[in-house]
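Okay, so here's the structure we're looking at.
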Amino acid sequence: MSPEKFLIIDGNSLVHRAFHAIPPLSTSDGTVTNAVYGFTNMLFKVLRELEPTYIAVAFDKGKITFRHATYTDYKAKRKATPPELRSQFPLLKEVLHHMRICTLELENFEADDIIGTLAGFADGKGIESIVLTGDRDALQLVSPRVRVLLTKKGITEMEEYDEGRVWDRYGVSPPQIIDIKGLMGDTSDNIPGVPGIGEKTALKLIQEYGTIENVIAEANKLPTRWRNKIIEHRDLAQLSKKLATIDRRVPLNMDMEQFKWPGPDYPALLDIFSKLEFKTLVHNIINKAGLEDNKNGQDELKTYCAKYRRVSSEEKLSQIRSNCIASGMVALDLSGTREAGINYAALSISPVGTTYLLPVKEQVAALDLVADICSDPRVKVICADGKEVLWLLHRHNRTLRNLDFDAQLAAYLLNPSMSQNSLADLALQYLQLVLPTGGEAATAARVDTLWQLKQLLQQKLVETGMDRLYYEVELPLVTVLADMEMEGVAVDPQILCNMAEETGRQIEGLVLEIYRLAGEEFNINSPKQLGDILFNKMGLPVIKKTKTGFSTDASVLEELAPNHAIVDKILAYRQLAKLKSTYIDGLFGLINPTSGRIHTTFHQDVTATGRLSSSNPNLQNIPIRLEEGRRIRKVFVPHRPGNLILTADYSQIELRILAHMSGDANLIGAFKKGQDIHTRTAAEVFNVPMEQVTPEMRSRAKAVNFGIVYGISDYGLSRDIKVPRAEAGKYIRSYFERYSGVKEFIDRKISEAREKGYTTTLLNRRRYLPDIVSRNRVTRAFGERTAINTPIQGSAADIIKLAMVRIHGELKRRHMATKMILQVHDELIFDVPPDELTEVKKLVREYMENALHLDVPLVVDLKLGPNWYDVRKVP
DNA sequence: GCGATGCA
DNA sequence: TGCATCGC
């Protein structure tokens, strides 16, 4: 028998989470229900997983709490609850009532305090509590008998914190969470904290001194930059700590019996769910409660609960192996990490057969089985995230040969604007199944849903005409990207070190100079403090404001530069600080100690346009525009001495695509003649012969071309080239007069998007544009620009992806040692041994230029050098 | 226009 | 969370 458990829920926090995580949802009579729906789904999931004996849901009540009496500005900046959310509270309470769950609220107390008090009460009775909330502050309640379940991004996923987890994550004990918050403050509650101290500093100080009181007492031992702040604001720090502390002595009449959960009142729940039009929940209840379905018996809902068999006998393993080979297709899901390797493998051989759970970590034979199946060309593998499977297998020196379906990738193609594409989200969205989290059952459930997802998503890919894009471009690209990530990019740590030192020195000099000119020390990185110095203290004219105060962005500072010498220093400081923190120190920390290389992660399912993105580090935004930053590229070197870095970039690919898609004779002609496209545009827009185009004219025309491609407005163009909006508008009109085919293309794409609800690329990639029918003028204009921009940018992504798949295949086929190591949107970067150079140059150019046949030529520029900085154009 | 990162 | 800055 399991011990008694007390589930305590922060109603307010979770309702807000649900409200923001679930897209707008309303019944046919217009009642908004998304927060109730999200909350209820989450509740059911937690109930199933925890099976609590007691439950309570706490809500805030009243506007004035003891915190306001202590600090009048408490929560002063919090926005009022929007009416669409406010109206859902009574509905939720009705649902909870029928769930027979006890709700608690007390005038002038926050849900937090009620929760703290309840947990303490249960603790006194020896009962274990689990606090479910979205508020990190609750971590202060964690103790041997109190755990906190924190919602992660979205609402279906949660993370459990016990004392050990708090230590792992923050390096402090749960009560010290309060001290941290006291130092760093909290903008959402308007808790001030100590100005200039953020999370990192707060953690460091509390880890070292234990409490705010000790930090204050030992302040004179601290480095100057913190000492003065702490001493000056010590009262504020102690006040903040008080505000952040959960009051565990709320006067409540408590009796565990009142929280005992007898289970839901199903008939009543059925009523209210029908009223709220929660169709799937109604079905769930009908199934669960065994009530009669009032329509027909066929609507039976599949349950999330998977049947699975734990396999460990060698005999059974070998039987599974032959079954896999005989069937030719398996669904596979691996649990584990890239560092520690595979923990479990869940494997299912047919959509209706048994799911096997293989303890890979414990048993070598199980790993062998999984690895053999994955490398067997006769067995197709279906999974949720193919690149992750490849990485996990790579950790065991194995690979995945025959990736047949990647569910997350398919879902991304079907709607690239959806940010939640985890398997759990897909199961909920497409199959109306709530997947359990954690444990064996979860792993098994994931594999089961894969079969159903494949069936459904594949059909949708065919219906939307994206099956070829999927099977011929995106799916093969998974393996290509995995190879690129694993190969990595070599860096020269010595050069990086030298740069860190030199830049550090320059920054120090600038900081001193800035302090001298300002007459005091302050945090230059804080736009708030900087604004205070510049505009309040020094009285410089305010050019622009942000929601929270003065704007201090580069365009503002450039305008202010003539007024005071400090401004140029700040600009230079910003540039160098960015360089050092992001590109020098940042890169350093990401060098893999084993390989000595940097292994970025490419994301294939993130951008709305179809481009790739890169993170940890982002190698797609390494500086190039300004010389100071560009030098960073010197640290990226070939994999072995003597090898070379080859870069291959598409010249003006977006404008060429625009020429092709629009069929504009003028634009096509310019490219066919091989003219400089910006000069040609200038000649057209300013109505002069090409020979008479001045650099000024060319640069403006370039901005116009840029604007067309990125879909910016006349407002954006006027800002970029610093001319009045009317003049920018004039350029755009003049452009459309000369390139009337482009104008027609734009109009065509907009009306097509309005009609169909989506826009498409050359390879039929889709992006839905609900904004294009908005009644709001600004929103609609945004949708219209996207309808132009996405086909252009997305088609460029299509083309380079196609080239990548083919080049990668060809390098492998020819058993070449050349490696494709990076992609930067319109550019591919290779590590090339000298003896392969001639062949690679030819191959790369050939495959990139002929990736897709357009009405204008695709032109590729090749550059070669000993590192990514010193590359020179080659014929 | 988009996406990633670092900082307070 | 918002701001600022880098790339394409």
Query raised in the report: Can you name the side-chain hydrogen bond (donor to acceptor under 3.5 Å, both in side chains) partners of A:Asp137, sequence neighbours left out?
Result: A:Lys181

Report task. Go through the structure and list residues passing side-chain hydrogen bond (donor to acceptor under 3.5 Å, both in side chains) with A:Asp861, not counting sequence neighbours. Result -> A:Lys873

**Report entry** Contacts of type ring pair (Phe, Tyr, Trp, His ring centres under 6.0 Å), residue A:Tyr869, not counting sequence neighbours
**Finding:** none

Query raised in the report: Heavy atoms under 4.0 Å, any strand shown: does A:Val606 hit a base, just sugar-phosphate, or nothing?
Result: sugar-phosphate

**Report entry** Boundaries of the chain A footprint along DNA chain B (any atom under 4.0 Å from a heavy atom)
**Finding:** B:dG1 to B:dA8

Report task. With heavy atoms under 4.0 Å as the rule, sort A:Ala577 into base, sugar-phosphate or nothing. Result -> nothing

Query - Contacts of type salt bridge (Lys or Arg N to Asp or Glu O under 4.0 Å), residue A:Lys578, not counting sequence neighbours - result: none

Report task. For A:Ser526, answer base if it contacts any base atom (sugar-phosphate contacts may also be present), sugar-phosphate if it contacts only those atoms, and nothing otherwise; contact means non-hydrogen atoms under 4.0 Å. Result -> sugar-phosphate

Query raised in the report: Does A:Lys749 have any salt bridge (Lys or Arg N to Asp or Glu O under 4.0 Å) partners at least two apart in sequence or in another chain, and if so, which?
Result: A:Glu752

**Report entry** Footprint string (nucleotides 3-8 of chain C, 5' to 3'): B base within contact, S backbone only, - free, heavy atoms under 4.0 Å
**Finding:** SSBBSB

Report summary line: Residues at least two apart in sequence or cross-chain that pass side-chain hydrogen bond (donor to acceptor under 3.5 Å, both in side chains) with A:His599, listed by chain then number, are A:Ser595

Query raised in the report: With sugar-phosphate meaning primed atoms plus P, OP1 and OP2, does A:Thr790 contact a base, only sugar-phosphate, or nothing at under 4.0 Å between heavy atoms?
Result: nothing

**Report entry** Under-4.0 Å salt bridge between A:Glu474 and A:Arg765
**Finding:** yes

Report summary line: So salt bridge (Lys or Arg N to Asp or Glu O under 4.0 Å) across residues 616-628 of chain A, not counting sequence neighbours, yields A:Glu627-A:Arg631

